[in-house]
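Each chain gets a letter, A, B and so on, in the order its sequence line appears, and its residues count up from 1. Excluded from the calculations below are hydrogen atoms, water molecules and symmetry mates; all remaining heavy atoms, backbone and side chain alike, are included.
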Amino acid sequence: MAKRIEVSGLNVYYGDFKAVEDVSMTIEPRSVTAFIGPSGCGKSTYLRTLNRMHEVIPGARVEGKVMLDQQDLYASGVDPVAVRRVVGMVFQRPNPFPTMSIFDNVASGLKLNGVKDRKKLTEVVERSLHGANLWNEVKDRLDKPGAGLSGGQQQRLCIARAIAVEPEVILMDEPCSALDPISTLAIEDLIEKLKDRFTVVIVTHNMQQAARVSDQTAFFNLAATGKPGRLIEMGPTKQIFSNPNEKATEDYITGRFG
Amino acid sequence: MTTTLAANRPAYDGKTLDLTGKSGARAFRNTLASVLITLCFLIALIPLVWILWTVISKGYGLLLDGGWWSESQRGVTVRREGGGAYHAIMGTLIMALITAVIAVPIAILGAIYLVEYGRGTKAARVVSFMIDILTGVPSIVAALFVYAVWITVFGFNRVGFAVSLSLVLLMLPVVLRSTEEMLKLVPDELREASYALGVPKWKTILKVVVPTAFGGIITGVMLGLARVMGETAPLLILVGYSKNINLNPFEGFMGALPTMINQDRTELALQPAADRVWAAALTLILLVLLLNILARLVARFSKVNSK
Ligand SMILES: Nc1ncnc2c1ncn2[C@@H]1O[C@H](COP(=O)(O)OP(=O)(O)OP(=O)(O)O)[C@@H](O)[C@H]1O
Ligand SMILES: [Mg+2]
């Protein structure tokens, strides 16, 4: 499990609009990589290219290479559906399936892909809920609707759903931005635990969070409004936060930005 | 923090903030608008209550008679009492069922195409435009169209199935449009959540999008059915009225509630015929109501344990 991602020369477009320009980076397996940067600089856009989710938007396209170990995700003949089975995603707003119970939500990835074996499903659901630190809170009401949980619980449910399909990589786009500090801590603890098994990439606006959970930090910025976003620098989180190479990074981190 | 904020605020002098009472002119306009709106609502209610009252008070008598639900009008002339509406109820239900079986899948698949696959494409715009036109087609035109194809071109007889075909043309746009609206209400985040699990698009639509919109889709189907069950022109043109029980939509004339009303209407001055007209009208209303209740139950129980 867990794979290395190597991106080179990636440009991302919405129709004619170039949102992200010339990004190259390496994301290490079994580590947490944080993306930080001002709003609108293309963090979400770039993140979504890592599991080919970008292309569900009409007119959206990508140039460049994203290698997952030895495989180029954008090579011709690669099926985006297969890519997403390997690279899972957790979204900013918790989005459990409203028609499904807690159990079915976690099992949905397997069930929708044709797994019927009840014993296996039960086992995976329990393991995933444990993995998402949610088991104790929901074990007595697995048949209740997932939408009936609190926001923080829903987000952990979504994480359980994502890890239930056993991906190699988990992408998280501001997973805590809709949550209170306690739920946020719960998720941060969880991320710490997830990196034993998965490669985790997380977008966050919270500097402390990036400093707390990540091993590597990548700082994105816009040259000017209307210009595409770029990767300014990337390095070990300790170094980025204590001694960045670029002035822009330092300004952003210390809040002297714009 | 809080202290600095408080210090910066101007002291409350007791005058700048007056939150009590409205100014006279605004209060007057507010009252006027409320009265007008309530009045309009009541006026709109008058015909509805009136119709319901008339139909119920004049029609309920026969409905209490068991024969109404089990007998046909066989051998009963307009001048005589007796017989029931079984033949017409069954006719209406059979034709509506066939209509639904044909129209609903086409409408739902069409709506799925428009929302999930065709968005923004030229083909979708053309289809959408056609649906708009179809929405405006009067029932008699739909009936004449089917007459021209079914009877004139193919040489088939006037039968219940032909009625269903024309009703499909009327039901399709209603169900398609309402389904389309319901599918649009399903947030993209749910679709993306499903894609992110490596679920293909078609399966996402089938197992996530449609179930989420299911209650609304069913409501649309019921609205379509209600519209279609009261249509009279297609019945008059495409199948003759029969007083006998005929459950075969491919052969022979067939009774239906609207045409039963139309039959007895010709002798409305006679009490037995008038009674049957009102009873048949009430039966039609009840059928639609029943279908509505059924649909709500289906929609409720199809949701997983939503408490
Ligand atoms: N669906 C879309 N269609 C067209 N342009 C888009 C779309 N989504 C985002 N953009 C544009 O792409 C650029 C990058 O947006 P993106 O959402 O990736 O920024 P972000 O860094 O994630 O911002 P935030 O921190 O606010 O989430 C912005 O200029 C935005 O307007
Ligand atoms: Mg974003």
Side-chain angles (χ1 to χ4, degrees), chain A residues 48 50-59 79-114 141-148 154 157-158 161-167 169-173, chain B residues 1 108 112-125 127-128 179 182-219 295-307:
Chain A
R48 290 162 58 91
L50 301 183
N51 68 342
R52 298 195 58 170
M53 196 60 119
H54 179 62
E55 62 207 67
V56 306
I57 296 162
D79 179 5
V81 172
V83 170
R84 293 177 201 137
R85 280 185 199 152
V86 182
V87 186
M89 189 159 203
V90 174
F91 298 80
Q92 182 167 359
R93 287 224 322 250
N95 53 1
F97 298 126
T99 54
M100 295 184 196
S101 65
I102 292 172
F103 183 97
D104 285 344
N105 259 289
V106 181
S108 55
L110 294 178
K111 272 188 154 177
L112 293 178
N113 283 319
R141 45 171 169 157
L142 292 176
D143 58 340
K144 295 283 181 294
Q154 283 186 25
L157 180 66
C158 292
R161 179 176 71 185
I163 60 182
V165 293
E166 307 260 323
V169 181
I170 298 180
L171 310 175
M172 299 185 173
D173 192 353
Chain B
M1 280 271 270
I108 292 180
I112 288 176
Y113 168 74
L114 287 183
V115 177
E116 307 288 339
Y117 290 95
R119 229 183 248 198
T121 63
K122 194 159 180 184
R125 277 203 298 279
V127 171
S128 198
T179 305
M182 288 304 133
L183 293 179
K184 278 188 192 158
L185 284 182
V186 176
D188 276 338
E189 287 147 30
L190 290 183
R191 296 182 178 88
E192 293 194 348
S194 177
Y195 297 154
L197 295 169
V199 178
K201 182 166 181 169
W202 66 271
K203 215 160 198 178
T204 299
I205 294 167
L206 200 68
K207 299 283 177 122
V208 175
V209 179
V210 170
T212 305
F214 190 72
I217 294 175
I218 289 290
T219 308
R296 297 223 163 187
L297 290 180
V298 170
R300 173 149 325 150
F301 284 113
S302 66
K303 267 200 184 154
V304 182
N305 295 313
S306 53
K307 226 180 30 174

So do [Y] and [X] actually touch side chain to side chain, heavy atoms under 4.5 Å?
X	Y	answer
B:Ile108	B:Ile217	yes
A:Leu157	A:Val106	yes
A:Arg48	A:Met89	yes

Minimum heavy-atom separation for [X] to [Y], with atom names?
X	Y	value
B:Pro211	A:Thr99	O-CG2, 3.4 Å
A:Ala147	A:Gln154	O-NE2, 3.1 Å
B:Ala123	B:Tyr113	CB-OH, 3.3 Å
A:Cys158	A:Val90	O-CG2, 4.4 Å

So what's closer than 4.5 Å to chain B heavy atoms on [X]: side chain, backbone, both or neither?
X	result
A:Val83	neither
A:Pro80	neither
A:Arg161	both
A:Phe97	both

Is there a donor-acceptor pair closer than 3.5 Å between any side-chain N or O of A:Asn105 and the backbone N or O of A:Met100? yes

Residues of residues 183-191 of chain B with a heavy atom under 4.5 Å from any heavy atom of chain A, in residue-number order, are B:Glu189, B:Leu190

Non-hydrogen atoms of chain A under 4.5 Å away: do they reach the side chain of B:Thr204, the backbone, both or neither? neither

Determine the option with the most heavy-atom pairs under 4.5 angstrom with chain B, choosing from A:Asn113, A:Asp79, A:Val165. A:Asn113

Cation over ring, B:Lys201 on B:Tyr117, under 6.0 Å and within 45°? yes

